[in-house]
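Below is one structure; the comments refer to it alone.
As a basis for the values below, the full set of heavy atoms in this structure was taken, side chains included, without hydrogen atoms, waters or symmetry mates.
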Amino acid sequence: MKNSGKLVSFLVPIISILLAFVIGCIIMAVLGANPFVALESLWIGAFGSLRNVGTTLARSTPLIFTSLCACFAYRCGVFNLGGEGQFLMGSIVCCYIATQSGIEGLPAILLCLVGGAVAGGLWSLISGLLKVYRGQNEMIITIMLNYVATLFMGVVYTDWLRDGSVPQTQAVPEATQLSRLFGLRVTSAFVIALAVGLLVYYFLFYTSKGFQLRAVGLNMTAAEFNGFAVKKYILMSFIVSGAIAGLGGSAELLGTQFRLINGFGNGYGFDGVAMALIGQLHPLATIVVAIFFAALRVGSTTMQAATGVPTSVSDIIQALVIVFTVAGLAMVKLPGFKAFLGRLTERRKEAA
Amino acid sequence: MEFVMNIILSSVRMATPLIFLALAELYSQRAGLVHIGLEGLASIGSLVGFLVSLITGSPMLGVLAGAAVGILVNMIFAYATVTLCAEQIVYGMAINIFAPALAAFIYRVYFGAGSELVQVGLMNTLSSSLGITSDNFLVRLLLDQTPMVYLAYGLVIFTVIYFNRTKSGLNYKAVGEYPKAAATLGINVIGVKYAACVICGALAGIGGAYLTTCYANTYVDGNVAGRGFIALAAVIFGRWSGAGVLLACLFFGFCDALQIRLQVGSFGVPYQFFQMIPYIATVVVLAGIGMKKAGPKSSGKPYLKEER
Amino acid sequence: ACGGSGTDTSGTDTSSGETGEDSGDSSYRVAMICDSSISDGGWGMSCYNAMVDAAAERGWATEVSDSIAQSAYYDTIISYCDLGYDLIYAPGNQYTDAVLQAAEEFPDVAFALLNGGEDTPAKAVNGNVTSLLPNAQQVGWIAGALAGLMTKSGTVAFIGAMELDTTLGKYNGFKEAAAYVGQQEGKTVSTLDVVYSGDFSAADKGIEFAKAMIDQGADVFFGDASAVDSGARQAIDEANAASGSVSIYDIAQPSDLLGQNECIIGSQVTDNASLVGLCMEAVEDGSFGGEVIYGTLQNGALSAGALSDLVPADVQEKYQGYLDQMVDGSFMQ
Amino acid sequence: MDELLRMEHVSKRFGDFYANRDINLSVRKGEVHTLLGENGAGKSTLMNVLIGLYQPTEGKIFLNGKEVRIDSPAQAVKLGIGMVHQHFMLVEAMTVFENIILGDRNTKGIFIDKEARKKEILDLAERYGLDVELDRPITEIAVGAQQRVEILKTLYRGAELLILDEPTAALTDIEVEGLFQIIHKLTEEGKSVIFISHKMREVLQISDRITILRTGEVITTLDRSETDGQELANLMIGRELAPSHYGKVEEPGDPVIQMRSVDYHKESKHAGLSGVSLTVGRGEIVGIAGVDGNGQSQLAQVVTGVLTPDGGEVDMKGSKVAQFTPNGFILENVSHIPEDRNKMGLIGNMSVKDNIVLKATDSPEFSSAKGYFLKKKAIRDYALKMQEKYDIRCTSVEQETRNLSGGNQQKVILARELEGSPDLLVAVHPTRGLDIGATRFVHDTMIEARDKGCGVLLISADFDEILEVSDRIVVMFEGQIMGVFSGKNPPIEEISLAMAGK
Ligand SMILES: Nc1ncnc2c1ncn2[C@@H]1O[C@H](COP(=O)(O)OP(=O)(O)OP(=O)(O)O)[C@@H](O)[C@H]1O
Ligand SMILES: Nc1ncnc2c1ncn2[C@@H]1O[C@H](COP(=O)(O)OP(=O)(O)OP(=O)(O)O)[C@@H](O)[C@H]1O
Ligand SMILES: [Mg+2]
Ligand SMILES: [Mg+2]
C-alpha cells in the first residue's frame, strides 16, 4: 500500500502531462497545424541539441530558485506568494553592487549573490513581521509587496541606474558575469540552484531544526506547546525563502539577463508556487518539475516559430498540466479513490 | 473643490470593477473557498464580454456572456476543490494561469494576426439614456453611470441583507464556518459550495466584462491588471462583510484615482512611486488595523464528507 | 485563421541549423518578435503591418511571435535563426541585447532593430545588425505643430507608456513645436508634463490620464503608448460627446489612423514599411549590415497623415507651411 | 412497548476496514438505549450512519416498521432523528440563537423572524429546563452551556429519536444530573434516546437497555435490570478487568512548583485566574476539580509556560520563574498532557515515531553535530521500543497519528511525556473520551510516575477520576481556588458545593 501510494504520486503528474498534451494536440489539429510536427519541434526546441538543453536548463534556473522558495516557506506553513518580489529585490541589489561598486570578478560575484540573498530575505521579512506581530494574512501582503517591488525595479531601470535610451540598467560587467557551462547558455547559476535544492532537502529532512520547522508547518499550536519557538521559525522561513528567491534574482541577473529591464522576472513567483506544489513540496521533485516547465517553455518557442501555433497554446498546455496534476493528486487522496485502489489490488491478489 | 469632485467621480469609476470582484471573493470565502484565481476569471470574462458585445452590439449581452463564461471556468475550480478536495490556493493559481491563456488564445483565433484595433460601443449611462447633460457634480455622480454601477451597489445592499437577515444567508455562512456542523443540520454543504462557485464565477466574469463593456472600449491581454488580487485584499480589509468590502473597494478606487491625479500634477518624482500608492496603502492599512476577526473558519480547508 | 498569417512553413526542415541562403528555399523569410500584442491598435500593430506590407511588395514570407516575455526574447530569435529565417525584425530598443547575442551566434542572419541605438550596429561583431531610427524630434514636431495650431485653451498634453528616450524625444519635439507654432499664431501654448502609464497595454490608465488632463484644460493630445493611447481617445470622445461638440482633439501615430476615433484630427505617419523594405533590399543584394538607417521627413520616412474636416482649410494651409519648413530645415530657426 | 427503530444487518466499511459489521439494533419508543463499547468499537460510526452522515455499505433501517433510506442529515431531520455529536457541531462565530435556527426548514419565509423564533426557543427551553442565553456567541459560553445548546438544537427540530454521543465527556456531575432529568422528561413524552458513554456509573443509572459493541460487531443487548457494571465491562473488553484501587499519599515531598497569588486576565470568569496559590510537591497527585471553563485551561498553560501571568509569582523547584516559555518549562523537566490532544499535543500529519521524539530531536541521543544530523535509526529504534512499552496500537510507527484512535493518540503523548521521569506532570483531561481499558492504563501510568517522585497536577472534569487518583483535591471556580481537600476520604458534599461556587 505504501509503495503503491508512492507510485501513484509519481504516476499522476505523468498522466496529467499526457492528458494536457492530448488536449493541446486536439487544439492544434483544429487550428490546422499538424500536432506531430508541433510536438516534434517542441521536443527539438527543448532537448534537440546540446545547445537547446543548455537553454532549457538556463531557463529552468530562476524557476528552481522561486519554487524552492515556495517549497521552503510552505513546509513551515507560510503561504509566501511573494517569491517574485523577493526575486526582484535580490536582483536590484545585485545590480546595484555589480554596476556601482566598482568591484569586478569573483569578489563582486560573491558580494552580489550574498547581497541579493540578504535583500530578498529582508524584503520577505517585512511580510513575516506583519504576519507574526500584526496577524496579517501573508498571501495578501506578499502579493502587494510584489507590485511594490516591480514598480521599484521600474524606478531603478528608468531612473536611478538607467543606461542609455531604453529604460534598462547598465549591464553587469563581463568579469562579474557567471561563467557558462561547456559554452552553453546554462551557467554556474544552475549549479548554485541545484546546490540550494540539495541543501534545502538536507535541512528539511536530515536536521533537527528542519524537523521542527516542518512540525511548526503542520500544527503550529502543538509545536508551540512542545516548546518550539514558533514565531522564530515563521520569521526564519520568511527570511530563508526570501533569501533563496533573492539569490535566484542575483543569479539570473549575473548569469542570463545581465541587466534589469521591463518584464524581468515577471511571473516567476507564481510559477514557483505552482511547481513546488506539483512537486508536492519535495525540494528535489520540485527541481525536476521546474526543469520540465522550462523545457515546455523553451520548446514552445520553437514550436510557435516552426508551426505558427500561437504560444498561448503552449500556455494552455502548461496550465492544463497544473490543472490536471493538482486535481489528480487531490483525487488519489480521496477515501473513495483509495478504496477503489484497494479493491483493485485485492482483486489482483485474488487473481494471483 | 473641482479637484476633489473629480477624484470622487474617478474613485467611483475605478471602484466598480473591484466591487464585483470583491463580492465574488466574498461569496466564495463565505462558503469556505479561498479563491485567488479571480484575476483569471475576470480576464476570460473580459474577453468574452468584449466579443459578445462586439458581435451582438449589445453590451448587456456581453456582460451576461461574461458571467456565463465566468461560471463555466469556475466550475473547473468547483469540481477540483469541492468534489476532489484539491488545495484551493493552488487551484486558484492554476485558474490564473489557464484562463488568461485561454482568453489570449481565443482572441488570436477569432481575429487572426495583425488585425486592426477593434473597438466596441460601451454601455450607455443612465443620464445619456435619459438625455440629461449636466455639469452638476451630483448629477454626474448619481446619474452619469452605467446600469452596472447601480447593479454593483445594489448587490452590496443585497449581500448585506442576505448575510444578516435571511435564513439562507445564515446557512450559507455556516458552511464557511463549520461545514460538518452545517451538514448535520441538513444543510447541503456541497450544494452551497457549488452555488458559491456559480455566484463567484458570475460576479468575477461580470467584473471582467465590465472592463470591456463599460470602461475601456478595447480588449488587451492583461487588462485586469491585478484587480483580482486587490479584490482579495478588499475582502480581508472589509472584514468579510458586504459593507466593509464596499468601503475597501472605494478606498482602493480612491488610491488609484489619487495616484493618477498626482502623476498628472507631477512633482518630478518617478511615476512608479505614485503607482505604488494603492499597494502600499493596503499593506499599511492592514497592518494598522491588525487582525482581530479572522475570516470564515473553514476557509481554505477541503470538506471531505466522511472524514472527522 | 490562426497566428500563422497564412504562411505555410510546415515543409521546413527544422533540424537544419544553417541559414536561409542555402536552405534550398528560393523565397526569403522575415520574422518579427514583439513583446506587446500585434493587435494593440498602436505600436505593435503598425510595426507588424509595416513588415507585412514590405514583405508583400518583395514577395517575402513573414512570421511573428508576439506578447513574448522578456526572458524569451533570445530564445525566440534563436528559434527563427535555427529555422533558417533571413531577417529578424525586432521593433524596439529593448531587444538590443538579445539581438546582439543572436547576431554573434548567427553571422549569416540579418537583424533589423527598429528604434535601435546609433552605436548598436557597430557593436555587432559580425556586422549583421542594422538600426532603423525614425527621428523622434521630428515626430514630435509634426504633431506639435498641428497641436499648436489647433489648441484653443493653450494647453496640450502628451501621454507616454515607458520612459524611453524616443518617447522623451517625441515629447520634447511636441512641446517645443507646439509652443513655437502657438507663439507664431499669437498664443501661449504650454504642454502638461509627460505622464507614463508604465505599461503599453493599460487602456484604462489612458482613460484616466486623459480625463485628468482634460480636467486640467488640455484640449489637444498626442501620445506614444499604443493601447494606452486608444484609451485616451476613448475618454476624449466621451468628453466631446458630453459637451455636445468635438472640441478636444487627438493626434495619432505612427500610422494614419484618421477615422478610427472621432477626436483624431490627424496623424503623424512613420513609414516603417519603407525602412524595413530597405533592409530586405539589402539582404537580397547581399549588402546588409552595419548601418543606421534614419527615418526623417527629408527621406520621406516621416510624414503627416491626412487631416480631418475639423481642421479648417486655412489652418491646413498653415500646417503645410510648417511641414515644408521642417523639411527644408528652417523650422524654429 | 412499540419498536421505533430497527437496524438490520448494517455494515459500514472504510476502505477495507469494517467499522460496523452486520449490526442489528432495535430501539423502543420511550426507552433510553445505551451503546457501550471500547474506543473504536464503532458506536459513533453506527450513529453517523443512522443520521445520514455516512452511507452504510450494507443493511436496512426501519422506522416505525417502515423501511427508510437516510441519505442525508436533512432526511434524518425530516424523519425525526436528531443527534448530539461527540464533537460539538456548533458554529463558533455565531450566537446561540443563530446556531439553533441554522438549517431550519419548519418555518416559511425568507427572512429570519427573530422575535417569533426566540419565543419558540425559550418556550421549549423552559419546558425542558434548559438554561440558555440566546444572544451570546458560542465562544463565550462554557462547555456545559454548549451541550445544552446542542440538545436544544435537536429538540427544536422536533426529534422523536435523540442520539447523544458521549454527551457527558465534558460535563460535571451536577451538569450530568441536569442532563439526565432532561432525558427522563423526553422519555416520559414517548421520545427515545440512544445514549453513548464510557462511564459505567452513568450507563447503569440512565439506561433501560444496553447494547454492547466490540470491534464493530454487536455482542449482545441486555436489560438494565439483569446486569451489573462488572459484567458490562467484561463483555465490552472481552476479558476480566479487575476493579482498581489506588493508595493515597499523605506526605508529599519537596515542592516542585509553587504558585503565589497568580493572576491572569483576572476580570474574565471563564478564562482567567485570580489570586491562585497552589503547591504541588514531589510524589503527589493534586487534582483540580471544577466545572470546565473556570480557569483550568489557563492554570495548566501558566504552569507549562504557554501563558505568562499578569501578576504573582511562580517558583519552580525553589527558584523563581523569570520567563514563561514552553521551552523553559520543558528544560525544567515539566511534562504536559494538553487538554486537546489533536490540536495541542500531536502533529497529526506526522508519524507516531516523529511524535514520540518530537521534543527530543535536539538531544545527542537522536542527533549529532548540534542537531545538524538526525540519527534516523536511533529514532526509529526508540519509537519501536516505546510502541511496545506503551502498547500503542498502530499499523507501524510510520503511521500518521491523526489516524489513530483517541486512546492510542493519548498513549503516544504518554510515551513522549512520561519517559525520562519528569519532575512535574501537568495532565489535562487525560482520559477524556477514552474507554475503560485505556483510562485504566493512563491512571496506572500516572500513579507509577507519582511513585517515582514526580509531582502531578491533574485537571479533569470527571469527578470520579479526580476522586480516584488524587492525593489532594483543589476546587476551582471562576478563576479562584475555592478550597483544598484531602484525597483520602474526601468530603464529597462539600467539594460539590465548592464546585458550584458555594
Ligand atoms: N479519518 C480517518 N481515516 C482513517 N482512519 C481513521 C480516521 N479517523 C479515525 N480512524 C481510525 O479510527 C480508529 C479509532 O477512532 P475512534 O473514533 O475510535 O477514536 P476516538 O477514541 O473516538 O477518538 P476521540 O477520543 O478523539 O474521539 C483508529 O484506529 C483509526 O485508524
Ligand atoms: N472517517 C473514517 N474513516 C475511516 N475509518 C473510520 C472513520 N471513522 C471511523 N473509522 C473507523 O471506524 C472505527 C469505529 O470508529 P467510531 O468512531 O465509530 O468508534 P467509537 O465506537 O465511536 O469510539 P469512541 O468510543 O472512541 O467514540 C474506528 O476504529 C475507525 O477505524
Ligand atoms: Mg465515538
Ligand atoms: Mg471517542
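Annotation: maximal heavy-atom pairing with chain B below 4.5 Å, among Ile27(A), Asp315(A), Ile316(A), occurs at Ile316(A). Considering only heavy-atom pairs separated by less than 4.5 Å from chain A, the leading option among Tyr271(B), Phe105(B), Phe98(B) is Phe105(B). In terms of heavy-atom pairs under 4.5 Å with chain B, the best-connected choice from Tyr147(A), Trp160(A), Phe270(A) is Tyr147(A). The choice from Ile76(B), Ile97(B), Leu84(B) that makes the most heavy-atom pairs within less than 4.5 Å of chain A is Leu84(B). Annotation: maximal heavy-atom pairing with chain A below 4.5 Å, among Pro278(B), Ala86(B), Ala103(B), occurs at Ala86(B). Chosen from Val321(A), Ile322(A), Leu277(A), the residue pairing most often with chain B at heavy-atom distances under 4.5 Å is Leu277(A).
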- Where do Thr218(B) and Thr212(B) land on the side-chain contact (heavy atoms from CB on, under 4.5 Å) test, with the steps shown first? CA-CA 6 Å; Thr218(B) 53; Thr212(B) 48; over 6 Å; no

- Between Phe152(A) and Trp123(A), is a ring pair (Phe, Tyr, Trp, His ring centres under 6.0 Å) present by the stated rule, with each step listed? CA-CA 12 Å; Phe152(A) 183 67; Trp123(A) 188 247; 7.6 Å; no

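Proximity to chain A (any heavy atom under 4.5 Å) is restricted, for Thr83(B), to the backbone atoms N, CA, C and O. For Leu329(A), no part lies under 4.5 angstrom from a heavy atom of chain B. Of the atoms belonging to Leu151(A), heavy atoms from both backbone and side chain fall under 4.5 Å from chain B. For chain B, no part of Tyr133(A) is nearby; none of its heavy atoms comes within less than 4.5 Å. Proximity to chain B is absent for every atom of Leu129(A), based on heavy atoms less than 4.5 angstrom apart. Using a 4.5 Å cut-off between heavy atoms, Leu130(A) contacts chain B through its side chain alone, with no backbone atom that close. Neither the backbone nor the side chain of Met153(A) comes within contact range of chain B; no heavy atom of the residue lies under 4.5 Å from a heavy atom of that chain. Met276(B) touches chain A through backbone and side chain together, each having a heavy atom under 4.5 Å away. With a 4.5 Å cut-off on non-hydrogen atoms, Ile230(B) touches chain A through its backbone and its side chain both.
When only modelled atom types and interatomic distance are considered, Thr158(A) and Gln272(B) share a side-chain donor-acceptor pair under 3.5 Å. Between the side chains of Thr142(A) and Asn80(A), no donor N or O sits under 3.5 Å from an acceptor N or O. Judged by distance alone, the side chains of Tyr157(A) and Asp159(A) never bring a donor and an acceptor atom under 3.5 Å apart. Using a 3.5 Å distance cut-off with no hydrogens or angles, the side chains of Thr169(A) and Asp163(A) do not pair a donor with an acceptor.
Taking the six-membered ring for Trp and thresholds of 30 and 60 degrees, Phe87(A) and Tyr268(A) have ring planes more than 60 degrees apart, a perpendicular arrangement.
Checked for salt-bridge contact, Glu177(B) and Lys297(B) miss the test: no charged N lies under 4.0 Å from a carboxylate O.
A salt bridge (charged side-chain N to carboxylate O under 4.0 Å, His left out) check over residues 261-277 of chain A, counting only residues at least two apart or in different chains, returns the pairs Asp271(A)-Arg297(A).
Taking the six-membered ring where the residue is Trp, the centroids of Phe251(B) and Phe237(B) are separated by under 6.0 Å.
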